[in-house]
Amino acid sequence: MSKNPFPLSKDDLLIAYRMMKTIREFEERLHVDFGRGEIPGFVHLYAGEEASAVGIMMHLNDQDQIASNHRGHGHCIAKGVDVKEMMAEIYGKVSGSCRGKGGSMHIADLSKGMMGANGILGAGSPLACGAGLAAQKLGHNGIGMSFTGDGASNQGTFLESLNLAAVWNLPVIFVVENNGYAESTSVDWAVAVDSYVDRAAGFGLPGVTVDGTEFFAVYEAAGELIKRAREGGGPSLLECKMIRFFGHFEGDAQTYKAEGENEYNRKHHDCLKIFRAHVTKAGVLSDEELDAIDTQVLALIDAAVEEAISAPLPTADDLTTDVYVSY
Amino acid sequence: MSKNPFPLSKDDLLIAYRMMKTIREFEERLHVDFGRGEIPGFVHLYAGEEASAVGIMMHLNDQDQIASNHRGHGHCIAKGVDVKEMMAEIYGKVSGSCRGKGGSMHIADLSKGMMGANGILGAGSPLACGAGLAAQKLGHNGIGMSFTGDGASNQGTFLESLNLAAVWNLPVIFVVENNGYAESTSVDWAVAVDSYVDRAAGFGLPGVTVDGTEFFAVYEAAGELIKRAREGGGPSLLECKMIRFFGHFEGDAQTYKAEGENEYNRKHHDCLKIFRAHVTKAGVLSDEELDAIDTQVLALIDAAVEEAISAPLPTADDLTTDVYVSY
Amino acid sequence: MARTLSFKDAVNEAIDQEMTRDPTVIMMGEDIVGGTGSPGEADAWGGVLGVTKGLYAKHGDRLMDTPLSESAYIGAAIGAATCGLRPIAELMFLDFLGVCFDQMYNQAAKFRYMFGGKAETPVTIRAMVGGGFRAAAQHSQMLTPIITHVPGLKVVCPSNAYDAKGLLIQSIRDNDPVIFCEHKNLYAHEVDVPEESYAIPFGEANIAREGTDATIVAYGLMVHRATEAAENLAKDGIDCEVIDLRTLSPIDMDTVYESVESTGRLICVDEANPRCSIASDVTASVTQEIFSSLKAAPQLVTAPHTPVPFSPVLEDLYIPSAEQVADAVRKTMAT
Amino acid sequence: MARTLSFKDAVNEAIDQEMTRDPTVIMMGEDIVGGTGSPGEADAWGGVLGVTKGLYAKHGDRLMDTPLSESAYIGAAIGAATCGLRPIAELMFLDFLGVCFDQMYNQAAKFRYMFGGKAETPVTIRAMVGGGFRAAAQHSQMLTPIITHVPGLKVVCPSNAYDAKGLLIQSIRDNDPVIFCEHKNLYAHEVDVPEESYAIPFGEANIAREGTDATIVAYGLMVHRATEAAENLAKDGIDCEVIDLRTLSPIDMDTVYESVESTGRLICVDEANPRCSIASDVTASVTQEIFSSLKAAPQLVTAPHTPVPFSPVLEDLYIPSAEQVADAVRKTMAT
Ligand SMILES: Cc1ncc(C[n+]2csc(CCOP(=O)(O)OP(=O)(O)O)c2C)c(N)n1
Ligand SMILES: Cc1ncc(C[n+]2csc(CCOP(=O)(O)OP(=O)(O)O)c2C)c(N)n1
Ligand SMILES: [Mg+2]
Ligand SMILES: [Mg+2]
């Protein structure tokens with residue numbers, strides 16, 4: 001086997017691939033099951049964007065906290081939230097990550113450093129500042145990470161947070177996952193600046209733009225910014241340009257997209273295929289190794305769905321618990 | 001008399017001086033009367049900052065609308081709101097601009113294009129976008145102007161408005177009146193960017209910084225941006241660096257300022273003195289002409305106070321009127 | 001001419017007719033046109049559930065997509081309303097009011113009073129409300145009590161397509177700021193709706209069902225639960241009057257008083273959380289004003305004091321049911 | 001040892017003692033230190049009315065000034081609360097909640113429920129409330145009903161320095177998000193306050209005055225108006241009980257029920273606007289739960305349904321007076 005030219009060990013490459021693949025299959029499966037009418041509520045899928053979540057999260061530990069958004073499954077999985085519990089949550093079962101009370105848009109697990117998906121655009125950015133502040137005041141070297149889309153980058157909460165993080169020199173990184181659309185509206189129209197580097201500069205922050213379909217590009221850029229933040233260098237912004245394979249949410253007819261756009265992207269800009277090509281071409285991982293992971297992941301997702309379906313529902317008692325710690 | 005080197009006619013120079021002087025005396029008088037316990041509520045004085053309001057407002061007509069902030073007296077006077085009604089308002093009288101219901105922080109006169117002082121930081125910026133939108137949709141060439149301080153430039157409402165105005169290409173100008181402090185906090189600390197030109201650029205807007213104690217600098221920069229907006233060129237940001245002669249509000253001990261700061265500024269950075277020096281040195285206006293205005297302004301303010309004091313108070317009937325147009 | 005129309009289509013028609021009638025009416029919101037700047041179809045969405053679909057084709061740039069900046073665009077709608085336009089702004093879900101509430105309650109609601117009667121703010125803010133969509137804690141709330149508390153705001157929450165059309169037309173024409181609440185679980189509900197334009201005045205409750213034994217007061221989706229309860233109770237010989245408030249501010253307490261004066265019994269049904277709710281508001285007014293007419297303790301039927309849960313089983317328990325309403329009626333009848 | 005302390009100093013002392021006791025307590029807000037980055041005195045303000053003055057000298061960087069970005073820093077306090085700190089955030093005036101409300105009601109309030117009990121959010125948000133300062137429509141509101149409506153938030157509104165100290169200490173120690181409302185017109189009011197630290201449990205109303213003829217329920221400044229009314233009525237032989245709710249959520253209805261069961265008469269006094277108010281909330285609960293104890297129609301005394309006017313004469317008419325309270329008592333006694 002040839003020398004590993006990548007900044008990750010072979011083991012870590014396998015972990016990264018497994019995570020990305022897990023996200024992909026989780027989402028593909030939800031897409032199918034939603035179409036069959038088995039999933040309640042609003043479901044926003046992360047398929048196509050996996051390299052961003054995983055490229056970043058490979059640098060984080062449980063002490064680091066992330067604040068996610070409505071499109072949160074990928075962030076959750078990459079941050080280590082239990083996949084079966086997630087699936088059960090989305091099915092509204094009491095065995096879910098949030099005992100069935102949260103659903104797709106509110107999965108959280110603070111013990112894993114996942115502060116919560118969020119149904120309110122931009123709302124996670126101040127929360128991530130809070131995570132950074134806690135790290136700073138408690139004197140550990142954890143960081144806070146805020147994940148928003150291109151659309152949410154026009155929210156006051158997000159913009160105020162850039163300034164606050166800069167003023168307080170917080171160990172926080174603002175990831176803008178730019179998939180070109182906010183619902184049906186184009187980023188080119190809605191975000192009045194050509195480059196997020198300039199938007200960051202408007203708040204005195206360094207900004208970096210990367211191709212978010214390239215795992216290694218994300219991994220390297222995120223690594224530098226995270227290292228900087230851990231060492232007291234302060235906040236920064238990371239834009240990942242990426243592609244949303246599905247509609248805004250399940251049920252979206254996507255007529256605002258160009259003809260053939262999804263097919264083209266699946267073919268040429270699939271971050272999983274790109275990753276596979278890199279690592280196999282370099283001879284560090286083999287197709288067999290990766291295929292084996294694929295099989296295991298599929299089995300995991302199958303099991304997760306089966307267990308979710310057969311898991312018990314919450315009962316009337318659950319309705320009024322967990323509001324207050326004490327009241 | 002020598003040739004007029006200024007971009008305003010002699011008549012307009014006299015008008016500008018009279019406005020600035022009116023603002024100054026209005027505020028100086030309030031400072032004294034507040035100290036005597038005669039003025040209720042929170043009062044934020046504009047003294048020292050007159051060149052900004054007047055340098056800008058000389059370009060505007062009644063169709064142009066401005067959205068002001070808590071430090072609004074200067075904007076009101078420069079926009080043509082009746083000085084006696086303003087004084088009566090601050091005294092809580094029924095003859096006031098708002099029938100005594102608004103007070104210092106809520107003076108408005110939409111017929112003069114004054115959409116209101118505002119007690120909520122940043123809240124005027126979206127409203128000014130609305131004025132620009134109305135002009136755009138109604139097809140007249142009016143503009144909207146937003147006035148905020150350096151502190152309020154960190155509010156989400158202000159920041160969102162920059163983006164919205166850019167995306168909709170609204171005829172709106174965002175004036176940041178940077179007087180170095182937000183209450184007691186320094187702009188250098190609280191605004192995480194060295195130049196407002198960069199903050200504007202983060203939203204794709206042109207930004208200009210001027211010395212706001214120099215009437216002519218403000219006048220020229222504002223003129224260009226306003227012309228641009230009227231002609232469909234879109235929004236922009238104008239930073240006026242200026243000096244607040246008094247405390248944040250009346251009653252502020254100002255211990256956060258440097259020793260002698262106020263005295264030094266009064267001596268060297270008084271926009272009225274600077275204006276007088278320019279126009280008399282150029283031989284366009286004489287000290288006698290300006291002194292005559294001073295006398296008239298003092299008389300006006302005296303009369304305004306006297307009338308305000310003797311004006312009738314609102315009565316119980318006024319308490320529950322003017323909430324709805326119909327209910 | 002009347003035909004059957006869904007709530008959703010009634011809203012669309014009201015906007016269409018008012019935009020046609022009055023050139024100063026404009027509309028803005030997130031994806032209310034849809035596809036702005038995107039490579040595909042223009043007018044791709046018509047709002048997240050397609051309510052405004054087709055209006056762009058008719059009225060063009062008078063409908064505007066917005067960036068995801070509720071404070072800025074709702075504030076802009078409010079500012080424009082004071083400057084000669086009559087804007088409709090869509091706040092996708094009323095649940096999002098937390099990012100733009102200042103513009104609603106400290107600006108729009110207060111201009112007229114703060115400015116001594118010298119400003120008018122004819123803005124309509126449309127927003128989806130309510131549960132049953134399995135949309136969880138941040139997309140399912142009934143925040144009507146919060147906005148009803150605010151003096152200067154008018155609050156509308158129709159229960160059917162007929163009222164939706166007439167009340168939305170009135171909202172757009174009204175010279176005060178109006179928050180127009182559309183229950184997402186009523187969008188598909190159909191009733192007869194005239195084609196021609198009509199306005200339903202604010203502050204006039206509708207007696208959805210006449211009855212003599214007890215008065216059930218409700219609004220929005222709860223009108224249907226109340227009516228269902230009344231139909232079921234009728235089988236047991238209990239004859240309930242159901243009052244649909246239609247507008248929460250102004251509120252038509254006279255109709256409520258008249259009804260309770262004749263029935264002597266009051267049940268208030270509210271999909272909102274219980275504390276400081278519309279249910280408590282109506283109950284308090286009735287007991288203060290016509291206490292001696294009451295034959296028994298008034299009953300409040302509301303959601304529990306918790307956020308809205310996601311799991312369908314829990315959400316179904318959360319939203320007041322016809323059964324809960326019937327139980328409350330039976331309780332008042334027992335004394 | 002007790003000595004006389006003002007409400008303002010009691011707040012300061014509570015924060016001081018908790019910061020000394022617990023290293024995870026931090027505090028942030030606009031100018032709560034004052035002078036950050038400015039050339040003059042550090043700790044120049046201690047908040048806009050000097051409430052936190054002196055704390056920076058003792059606790060240093062654990063008190064932090066903020067940029068004027070309420071959503072960001074209050075959200076940061078909330079986020080930090082889920083990550084091991086116990087932050088106190090000052091929202092200068094509760095009137096400003098419109099620019100940061102989402103963080104309060106959709107985030108802090110809902111985490112625990114949405115996340116299935118797995119999050120705790122021990123954050124305290126201090127804010128000034130109420131009128132009488134001639135601060136006009138956007139700085140004088142009593143928005144307690146809006147926050148009390150929200151499940152997941154606890155709401156505290158003390159009427160005196162003793163309660164302020166004990167309830168603020170409890171707020172900081174409490175593991176749920178608490179909105180701590182400080183009436184700006186009570187800051188100078190003094191009572192005996194022990195030097196040592198003590199916590200007053202939530203959900204325990206205080207009987208400010210015992211009486212047998214009628215029950216007056218109030219909170220904050222209104223407790224003083226109610227007590228004044230009671231003293232005046234006593235001269236006419238009417239003996240009122242005055243209940244100070246102290247915490248609005250949780251609310252101690254048992255104490256109210258017990259009192260009304262013995263007096264048979266209820267008057268609710270609320271500085272807030274009337275619709276969906278604390279007054280209507282308490283009235284509705286009483287009528288639903290102990291209807292048969294009521295001898296007469298309950299009376300609500302609130303501000304009118306208008307914004308707060310600026311002019312001192314109008315503002316004095318706006319805020320419920322002891323006279324209005326007494327009139328309401330007389331009205332209930334007449335039947
Ligand atoms: C405050 C707020 N406004 C609007 C919405 C409705 N909404 C949910 S997702 C979305 C689009 C978000 O776009 P973007 O931030 O680019 O994220 P993406 O969906 O592309 O991942 C909108 C408008 C919301 N959830 N919260
Ligand atoms: C949303 C909001 N937050 C806080 C305040 C309190 N406040 C009033 S003025 C002020 C400082 C404003 O500073 P700046 O914007 O620089 O204006 P300046 O007073 O210097 O003219 C603050 C914090 C407010 N009125 N509104
Ligand atoms: Mg996007
Ligand atoms: Mg300033």
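Letters A, B, ... are given to chains in the order of the sequence lines, protein chains preceding strands, and every chain is numbered from 1. In what follows, every heavy atom counts, from backbone to side chain, and hydrogens, waters and symmetry copies are set aside.
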Asker: Checking A/L133 against chain D: side chain, backbone, both or neither under 4.5 Å from a heavy atom?
Answerer: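 It is both, since atoms from each part get that close.
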Asker: Can you tell which of A/G122, A/S97, A/C129 has the highest number of heavy-atom pairs within less than 4.5 Å of chain D?
Answerer: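 Maximum pair count with chain D is reached by A/S97.
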Asker: For atom CD of D/E41, is the number of surrounding heavy atoms from other residues, nucleotides or ligands below 6.0 Å larger than 12?
Answerer: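 Yes, the 6.0 Å shell around CD holds more than 12 heavy atoms from other groups.
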Asker: Can you check whether A/R99's main-chain N or O pairs, donor with acceptor, with D/K118's side chain at less than 3.5 Å?
Answerer: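 No, D/K118 side chain to A/R99 backbone: no donor-acceptor pair under 3.5 Å.
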Asker: What distance separates A/L164 CG from D/L68 CG, expressed to the nearest 0.5 Å?
Answerer: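 CG of D/L68 is found 11.0 Å from CG of A/L164.
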Asker: Do the side chains of D/E70 and A/P126 get nearer than 4.5 Å, heavy atoms only?
Answerer: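 With C-beta onward as the side chain, the pair stays apart.
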Asker: Quick one: what part of A/T321 sits under 4.5 Å from any heavy atom of chain D, side chain, backbone, both or neither?
Answerer: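 Only the backbone of A/T321 comes within 4.5 Å of chain D.
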Asker: Provide the closest heavy-atom pair for D/Q103 versus A/A123 in the form atom of the first, atom of the second, distance.
Answerer: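 Looking at all heavy atoms of both residues, the shortest contact is NE2-O, 3.1 Å.
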Asker: Would you check if D/R112 and A/Y324 make a side-chain contact, meaning some heavy-atom pair closer than 4.5 Å?
Answerer: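 They are not in side-chain contact.
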Asker: So, for D/A72 and A/E160, which heavy atoms are closest and what is the spacing to 0.1 Å?
Answerer: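 Shortest heavy-atom contact: N-OE1, 3.0 Å.
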Asker: Heavy atoms only: give me the nearest A/L110-D/A119 pair and the separation to one decimal.
Answerer: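 It is CD1-CB, 3.4 Å.
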Asker: Given heavy-atom pairs under 4.5 angstrom as the criterion, report whether the side chain, backbone, both or neither of A/V323 touches chain D.
Answerer: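 Both parts, backbone and side chain.
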Asker: For D/I74, which atoms come within 4.5 Å of any heavy atom of chain A: side chain, backbone, both, or neither?
Answerer: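 Looking at D/I74, nothing touches chain A.
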Asker: Indicate yes or no: at least one non-hydrogen side-chain atom of D/F111 is less than 4.5 angstrom from one of A/M115.
Answerer: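 Side chain of D/F111 against side chain of A/M115, heavy atoms only: no contact under 4.5 Å found.
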Asker: Atom CD1 in A/I120, atom NZ in D/K110: separation rounded to 0.5 Å?
Answerer: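 Between atom CD1 of A/I120 and atom NZ of D/K110 there are 8.5 Å.
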Asker: Counting only heavy atoms closer than 4.5 Å, note whether A/S125 contacts chain D via side chain, backbone, both or neither.
Answerer: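 Nothing of A/S125, per the 4.5 Å heavy-atom cut-off to chain D.
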Asker: Does any backbone or side-chain atom of D/Y73 lie under 4.5 Å from a heavy atom of chain A? Answer side chain, backbone, both or neither.
Answerer: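 Its backbone and side chain both get close to chain A.
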Asker: Given side chains that start at C-beta, do those of A/K137 and D/T24 come closer than 4.5 Å, heavy atoms only?
Answerer: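 When only atoms from C-beta onward are counted, D/T24 and A/K137 do not touch, as no gap falls below 4.5 Å.
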Asker: Could you check if a side-chain atom of A/T157 sits within less than 4.5 angstrom of a side-chain atom of D/D102, using non-hydrogen atoms only?
Answerer: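 Result no, sub-4.5 Å side-chain heavy-atom pair not found.
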Asker: Is there a side-chain contact between D/Y113 and A/H106, using heavy atoms and a 4.5 Å cut-off?
Answerer: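 D/Y113 vs A/H106: side chains apart.
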Asker: Given 3.5 Å as the limit, does a donor-acceptor pair link the side chain of D/E120 with the main chain of A/V325, or not?
Answerer: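 Checking the backbone N and O of A/V325 against the side chain of D/E120, no donor-acceptor pair under 3.5 Å is found.
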Asker: By a 4.5 Å heavy-atom criterion (distance strictly below it), what part of D/D61 contacts chain A: side chain, backbone, both, or neither?
Answerer: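 Answer is both: backbone and side chain atoms of D/D61 are under 4.5 Å from chain A.
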Asker: Among D/P23, D/G152, D/A109, D/G37, which has the most heavy-atom pairs under 4.5 Å with chain A?
Answerer: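 Answer, by heavy-atom pair count under 4.5 Å with chain A: D/G152.
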Asker: Looking at D/D174 and A/S326, what are the two nearest heavy atoms and their distance?
Answerer: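 What the structure gives for the nearest pair is OD2-OG, 4.3 Å.
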Asker: List the atom of D/G75, the atom of A/L127, and the distance in Å for their closest heavy-atom pair.
Answerer: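 Distance-wise, the nearest heavy atoms are O-CD2, 3.5 Å.
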Asker: With the side chain counted from C-beta on, respond yes when D/S249 and A/Y327 share a heavy-atom pair under 4.5 Å apart, and no when they do not.
Answerer: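 Of all side-chain heavy-atom pairs linking A/Y327 with D/S249, at least one is under 4.5 Å.
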Asker: Answer with side chain, backbone, both or neither: which region of A/N118 has an atom nearer than 4.5 Å to a non-hydrogen atom of chain D?
Answerer: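 Only the side chain of A/N118 comes within 4.5 Å of chain D.
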Asker: What is the minimum heavy-atom distance between D/A76 and A/W168, and which atoms define it?
Answerer: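 What the structure gives for the nearest pair is CB-CZ3, 4.4 Å.
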Asker: Do A/V167 and D/P67 touch side chain to side chain, with heavy atoms closer than 4.5 Å?
Answerer: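 Contact flag for A/V167/D/P67 side chains = yes.
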